[in-house]
There are 2 protein chains.
Amino acid sequence: MTRTRPEPAGPVTLKQVADHAGVSISTASNALTGSRSVSPASVQRVLQSAAALGYRRNEVARTLRTGLRNTVGVIVPDVTNPFWGGMIRTIERQAALAGFHVALTNTEFDATRETSALAGLVSRVDGIVLFSTRPTAATLQPLLDMGIPIVACDEVIDVPGLGGVYSDNVDGARTAAHHLVDSGGTVFGMLEGPEALSTASARRQGFREGLRDAGVPESAVHSVKAEYSFEGGREGIRRLLAAHPDVDAVFASTDNQAIGAMLEVLNAGRAVPDDLLVCGFDDISWSARLSPPLTTVRQDAEGMATAAIGMLLEMVTTGAAPRTEVFPVSLVTRESTQRTLAPSPVTIT
Amino acid sequence: MTRTRPEPAGPVTLKQVADHAGVSISTASNALTGSRSVSPASVQRVLQSAAALGYRRNEVARTLRTGLRNTVGVIVPDVTNPFWGGMIRTIERQAALAGFHVALTNTEFDATRETSALAGLVSRVDGIVLFSTRPTAATLQPLLDMGIPIVACDEVIDVPGLGGVYSDNVDGARTAAHHLVDSGGTVFGMLEGPEALSTASARRQGFREGLRDAGVPESAVHSVKAEYSFEGGREGIRRLLAAHPDVDAVFASTDNQAIGAMLEVLNAGRAVPDDLLVCGFDDISWSARLSPPLTTVRQDAEGMATAAIGMLLEMVTTGAAPRTEVFPVSLVTRESTQRTLAPSPVTIT
DNA sequence: TTGAAAGCGCTAACAT
DNA sequence: ATGTTAGCGCTTTCAA
């Protein structure tokens, strides 16, 4: 004797509203959607009936008929990362303003989940904002063929037909390199991200270039691979310093990494910035709240998110062609790279 | 001359698959869903045709027919808060495992957005997990009437028919009070949350009770209202200390508040914990990463999220009755409340 | 084991 | 200005 849900009392349909108002179903439909002219009297009656019966349009039926799903898919690797969290917030806000819902998938950096999410979103969404790891062209093509626009954000996806909104990662990393040199670094370390990520390789490339431009010899640059996470940073800096204890300036590919690294170093009794300069990338809100506050390359997350959802909605509603936008980044200088020039004399406050 | 999207080349329908396989549309349907027996030969042919044509089932049409939407709605106040972010991650993972999608709405603590989100989710989702501010019974009732199960999580929503998953907030706050007393606090301050939130009033009540039990006089307890955010904490502690400079122990209703308060105090040149003991509530990951690390009341966010989505899916799929589950919380003692008993003598490392 | 056909609730021709 | 009706793509009776 399984308990079943309360009395079905099925949802009110448009037909019921029409009957109640004493008009035809199409007049009822038009009164509610306003797609063709209806006499004020009818509109009035239909609206009243709808309210009286508690009518709610069945969006699924509407979608089946019109093909408009009024939903955008958002695929991210990790909602808990404030960098992506903030972008989701922006996207959700803009989407809601335009009357769109957001279907969220968290891939946890798992390509399998990403692929199946993409597949599942077909026929459910009008378009997709993809913060991706590395989808294959084969995964994306079916969606594009079905006319579902996709905008890649943050990670470059090199598939024709996609919109793209990216940061100028190479430039940011180059700036970071110059800054570390200017701040007194002599032996450099980098926490690189996973091989496959475009941001990781761009930041590595920019950092290397920046150091080379500044005349730093290859022999004074060391790097290790690390995950884009707090734990990745902790564990990465351990490996880096174990192999190269003379490193005195480190550039991490993300703030999460940088923060993990900085706290690990502080715990081990070394001083930041006096023993080790630390610079991150992203400028998540927590970076300014640590002691010492973290110098980092700021990405315009809100601007990028706004651009991505804006471009997508444009593609969805007006059939606009995909574009690629690259956002400038900027160095935010804080104490983690402000070395006190000379060992300060004993001071009494 | 507006460019329009690439050739429609409409999606492959079941009928096309059936024709290609030389079977009827119903056989094709059954071959793909397995809802009635089909000869192996037919199954084989249908599967091949589907693969050859790149068939993807239209979920919208299926939903219209079956009433199964395979989607759960999740409504949160703020995705960027790691407390909710983590719960979203858990919910999304469990939902995906069960073949459900997640429709996310971020209300930014705006009751209007919450109401319209709720309205928009009818006919799109099978059930809703609600991390809410304060929806009225009138907002929720229509959904319940339509047989859409709702599980409230975190904030208590006192509407009959809802499932509920909550922390034992009163107990947690009481424990925090005892701990602050035991740690040497003598004049107490509390950063309370917004009036309307059930967690805020429960934590205030528990804190007051705890202090009373410990024999602290009312005159040694002061409180201010503050938003549940980093900025709320900063600004709250300023007001608190301006009015009551003798406060030497503070309990914040959330970690975000506590962290904002602690950094504000440190910036102002006061020491934590030696001048001021600080205790938070939640145990977000950043709390352990600050210096000093933050003592806090830990909520089992992952357990709660798992329970909430589990209960919802059960209600959706088996029509199970709603329940209320209360999760225990636990004090996590860290340095922000570990006062060095005597001023330490000068030490040289 | 299979096919034909009804119909989920809605919108958009096509009639008046 | 309004009514009638076809049909979106699918699942599921009902017949064979």
Open item on the list: For a quick test of reading the model: is some side-chain N or O of Ser24(A) closer than 4.0 Å to OP1 or OP2 of dT4(D)?
Closed with: no
Open item on the list: Can you confirm whether the side chains of Tyr166(B) and Ser198(B) place a donor and an acceptor under 3.5 Å from each other?
Closed with: no
TODO: Output the distance between atom CG (Leu104(B)) and atom CD1 (Ile91(A)), rounded to the nearest 0.5 Å.
DONE: 11.0 Å
Open item on the list: Under a 3.5 Å distance rule, please check whether Thr115(B) uses its side chain to pair with a backbone N or O of Ala111(B) as donor and acceptor.
Closed with: yes
Open item on the list: Please pick, from dC10(D), dT11(C), dT12(D), the nucleotide with the shortest atom-to-atom distance to any side-chain atom of Ser35(B).
Closed with: dT12(D)
- [ ] Write down the distance between CZ (Arg45(A)) and P (dA1(D)), rounded to a whole number of angstrom.
- [x] 15 Å
Open item on the list: What contact category does Arg36(A) fall into here, base, sugar-phosphate, or nothing, at under 4.0 angstrom with non-hydrogen atoms?
Closed with: base
Task: d(CG, Asn58(A); P, dC8(D)) in whole Å - done: 18 Å
Task: Whole angstrom value for the distance that separates P of dA4(C) from NZ of Lys15(B) - done: 10 Å
- [ ] Measure from CD1 on Ile25(B) to C1' on dT12(D) and round the result to the nearest Å.
- [x] 12 Å
Task: Spatial distance of atom CZ (Arg56(B)) from atom CG (Leu143(A)) [nearest 0.5 Å] - done: 9.0 Å
Open item on the list: For DNA chain D, which residues of residues 64-73 of chain A approach it to below 4.0 angstrom with any heavy atom?
Closed with: Leu64(A), Arg65(A)
Open item on the list: Using a 4.0 Å heavy-atom cut-off, does Thr63(A) contact any base of the nucleic acid, only the sugar-phosphate backbone, or nothing at all?
Closed with: nothing
Task: Euclidean distance, atom CZ of residue Arg124(A) to atom C1' of dC10(D) [Å, nearest integer] - done: 14 Å
Task: Sugar-phosphate only, base, or nothing, as touched by Val23(B) at under 4.0 Å among non-hydrogen atoms - done: sugar-phosphate
Open item on the list: To the closest 0.5 Å, what do you measure between CD (Glu114(B)) and CD1 (Ile75(B))?
Closed with: 6.0 Å
Open item on the list: Expressed as a whole number of angstroms, how long is the span from Asn30(B):CG to dC14(D):P?
Closed with: 15 Å
- [ ] Considering just the side-chain nitrogens and oxygens of Ser29(B), establish if one lies under 4.0 Å of OP1 or OP2 belonging to dC10(D).
- [x] no
Open item on the list: It should be established whether Ser39(B) places a side-chain nitrogen or oxygen under 4.0 Å from OP1 or OP2 of nucleotide dT2(C).
Closed with: yes
Task: Other residues, nucleotides, ligands: >12 heavy atoms within 6.0 Å of Glu302(A) CD - done: no
Open item on the list: Closer than 3.5 angstrom, by distance alone: can the side chain of Thr63(A) be matched with the main-chain N or O of Leu68(A) as a donor-acceptor pair?
Closed with: yes
Task: Flag for Thr136(B)-Thr139(B): side-chain donor and acceptor within less than 3.5 Å - done: yes
TODO: Give Thr27(B) one of three labels, base, sugar-phosphate or nothing, depending on what nucleic acid heavy atoms sit under 4.0 Å from its own.
DONE: sugar-phosphate
Task: Gap between atoms CG and P, on Leu32(A) and dT2(D) respectively (whole Å) - done: 14 Å
Task: Base of dT4(D) paired with side chain of Ser26(A) (donor-acceptor, under 3.5 Å) - done: yes
Task: Whichever of Ala61(B) and Ser42(B) has its nearest DNA chain C nucleotide further upstream toward 5' - done: Ser42(B)
Open item on the list: Output the rounded distance in Å from CD (Glu59(A)) to P (dC10(C)).
Closed with: 9 Å
